[in-house]
Amino acid sequence: MQRQQLGVTGLNVTSLGLGTWGLSGDGYGKVAEAQQDAVIERARALGLTLYETADVYGHGDMERRLGRLLKDDPRAVVVTKVGTDRAVSPPRKRFDPDYLRRAVSESVERLGLPRVVVLLHNPSLKALEQGEATSVLQELTDTQVIRGWGVSAGDIETGRAALERGAQVLQLAYNALWRRDVEELKGEIEAHQAALLARSVLAHGLLCGHWSVHKDFPDGDHRGERWTPDDLRRRVGQLAALRSVIGGEVLTMRSAALRFVLATPVVTSAILGPRSVVQLDQLVREVGREQPYLSAEKLSKLDVRLTDVGATT
Ligand SMILES: NC(=O)c1ccc[n+]([C@@H]2O[C@H](COP(=O)([O-])OP(=O)(O)OC[C@H]3O[C@@H](n4cnc5c(N)ncnc54)[C@H](OP(=O)(O)O)[C@@H]3O)[C@@H](O)[C@H]2O)c1
């Protein structure tokens, strides 16, 4: 599997990473503990060296689980996220220095691994502009408590502020139907030599092309709240653009969607969100091994077709 530098952290990671939000059961519904372990073990066996999590996923359980299953893997790099105080009800976002130092220390302890990178988890623009939160993570990096730091950002302005404050790693949503943030920031990401972790590369599963416009989601699945029926109808209609590049080595919609992300030069790694070993195997098998993940001809065709179907952002 292709590997590259994680920005200026000095760490080396695979171009596919295992994200653990879906696995934790928090966002999409319950996953059995044995299956959580099996997916992480399979990722390791497949050669993935990048794992992405957060202190809140499973209330810290995903960090503990990764720590236990990766403790004798000298290549494993774990990117975790902090910034949500769950000690209060309802939980609230917190990026003040005292809280962050404590949260990082607890994450590092739960993980118990040598290669931990910490991101601020969806901070507001204001939290970044105050400067204290980014200074704390830089100091923890300088003193080698962690191996690097960055920001998981929800919009362009926050992503830009993170880069201006020296973030070594930026995480953004990026997929064929959601290109705007990465397209807008790619020049700045390159100029700052930051690593880019692309998340939600399948648009939460939509890009696999298995859904009808009447798809129902069970209780506890965040997707039930994400799209109105009209949005879903429009998005499912836009999938025709991705179908247009299936053929040759690109066997499925999943494959087209993932290859599109990895074919984007500024992307360091795509963070996958499988909830079973079967899903992980499908993703790894269908993505291809190295550049070019999609030929220049297919990329250009896809660009035109995405515009045709109105997927301009
Ligand atoms: N703010 C943040 O930092 C943030 C936000 C979002 C995500 N993330 C991270 O990024 C990871 C991935 O992002 P994501 O969950 O938003 O979205 P995603 O990868 O776009 O979609 C995940 C969903 O895709 C479906 N899927 C996965 N593999 C499949 C396969 N082989 N065939 C068919 N369907 C498949 C699954 O749906 P079903 O459950 O229906 O099978 C899964 O729940 C998360 O686990 C999390 O670690 C971080």
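One-based numbering along the sequence shown. All ligand and atom numbering here is 1-based and tracks the order in the structure. Atoms considered below: every heavy atom in the structure, side chains included; atoms not considered: hydrogens, waters and symmetry mates.
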>> Can you classify the ring geometry of Trp211 versus Phe217 as parallel (below 30°), tilted (30 to 60°) or perpendicular (above 60°)?
In response: perpendicular
> Using heavy atoms and a threshold below 4.0 Å, how should the contact between Arg275 and ligand 1 be classified: side chain, backbone, both, or neither?
Replying inline: side chain
> Should you measure from each heavy atom of Gly22, which atoms of ligand 1 turn up under 4.0 Å away?
Replying inline: 45 (O)
> Just going by heavy-atom distances, which of Ser200, Pro218, Gly273 is nearest to atom 13 (O) of ligand 1?
Replying inline: Ser200
> Is the closest heavy atom of Arg223 to ligand 1 under 4.0 Å?
Replying inline: yes
>> Would Ala203 count as a polar contact of ligand 1, with the cut-off being nitrogen or oxygen pairs under 3.5 Å?
In response: yes
> Once you round to the nearest 0.5 Å, how far does CD of Glu52 lie from CZ of Arg199?
Replying inline: 9.0 Å
>> Within the 4.0 Å heavy-atom shell around Ser152, which atoms of ligand 1 are there?
In response: 1 (N), 2 (C), 3 (O)
> Against heavy atoms of Ile271, which atoms of ligand 1 measure under 4.0 Å?
Replying inline: 10 (O), 11 (C), 12 (C)
>> Just to confirm my output: which protein heavy-atom neighbour is closest to atom 33 (C) of ligand 1, and how far is it?
In response: Cys208 SG, 3.4 Å
> Side chain or backbone of Ser276 under 4.0 Å from ligand 1, or both, or neither, by non-hydrogen atoms?
Replying inline: neither
> Which atoms from ligand 1 have a heavy atom of His204 less than 4.0 Å away?
Replying inline: 14 (P), 16 (O), 17 (O), 18 (P), 20 (O), 21 (O), 23 (C), 24 (O)
>> Distance under 4.0 Å to a non-hydrogen atom of Glu52: what atoms of ligand 1 satisfy this?
In response: 9 (C), 46 (C), 47 (O), 48 (C)
>> Which of the numbered atoms in ligand 1 are under 4.0 angstrom from any heavy atom belonging to Gln171?
In response: 2 (C), 3 (O), 4 (C), 48 (C)
> Can you tell me which residue and heavy atom of the protein come closest to atom 48 (C) of ligand 1, and the distance to 0.1 Å?
Replying inline: Arg199 CD, 3.3 Å
>> Checking a contact table here: which protein heavy atom is nearest atom 31 (N) of ligand 1, and how many Å away?
In response: Gln282 OE1, 2.9 Å
> Is there side-chain contact between Leu258 and Glu286, with at least one heavy-atom pair below 4.5 Å?
Replying inline: no
>> To the nearest 0.5 Å, what is the distance between CG on Leu18 and CG on Leu48?
In response: 6.5 Å
>> Just to be sure I read this right, does ligand 1 sit under 4.0 Å from the backbone of Trp21, its side chain, both, or neither, counting only heavy atoms?
In response: both
> Would you say Leu202 has any N or O atom under 3.5 Å from an N or O of ligand 1, going by distance alone?
Replying inline: yes
> Nearest protein heavy-atom contact for atom 15 (O) of ligand 1: which residue, which atom, what distance?
Replying inline: Tyr28 OH, 2.6 Å
> Looking only at heavy atoms, is any part of Gln279 under 4.0 Å from ligand 1, and if so is it the side chain, the backbone, or both, or is it neither?
Replying inline: both
>> Return the CZ to CG distance between Arg179 and Leu172, rounded to the nearest 0.5 Å.
In response: 15.0 Å
>> List ligand 1 atoms under 4.0 Å from Gly19, heavy atoms only on the residue side.
In response: 45 (O), 47 (O)
> Measuring from Ser269:OG to Ile271:CD1, what's the distance to the nearest 0.5 Å?
Replying inline: 6.0 Å
> Can you check salt bridge (charged side-chain N to carboxylate O under 4.0 Å, His left out) on Arg101 and Glu139, steps first, answer last?
Replying inline: CA-CA 10 Å; Arg101 281 181 213 286; Glu139 176 208 307; 2.8 Å; yes
> Looking at side-chain heavy atoms only, is the closest gap between Leu140 and Leu100 below 4.5 Å?
Replying inline: no
> Heavy atom under 4.0 Å from ligand 1: found in Thr20's side chain, backbone, both, or neither?
Replying inline: backbone
>> Run His222 and Trp21 through ring-ring contact (aromatic ring centres under 6.0 Å, His included) and show every step you take.
In response: CA-CA 11 Å; His222 74 100; Trp21 179 46; 4.7 Å; yes
>> Could you check whether any side-chain heavy atom of Glu183 comes within less than 4.5 Å of a side-chain heavy atom of Arg180, counting everything from C-beta outward?
In response: no
> Going by the order shown, which atoms of ligand 1 are within less than 4.0 Å of some heavy atom of His121?
Replying inline: 1 (N), 2 (C), 3 (O)
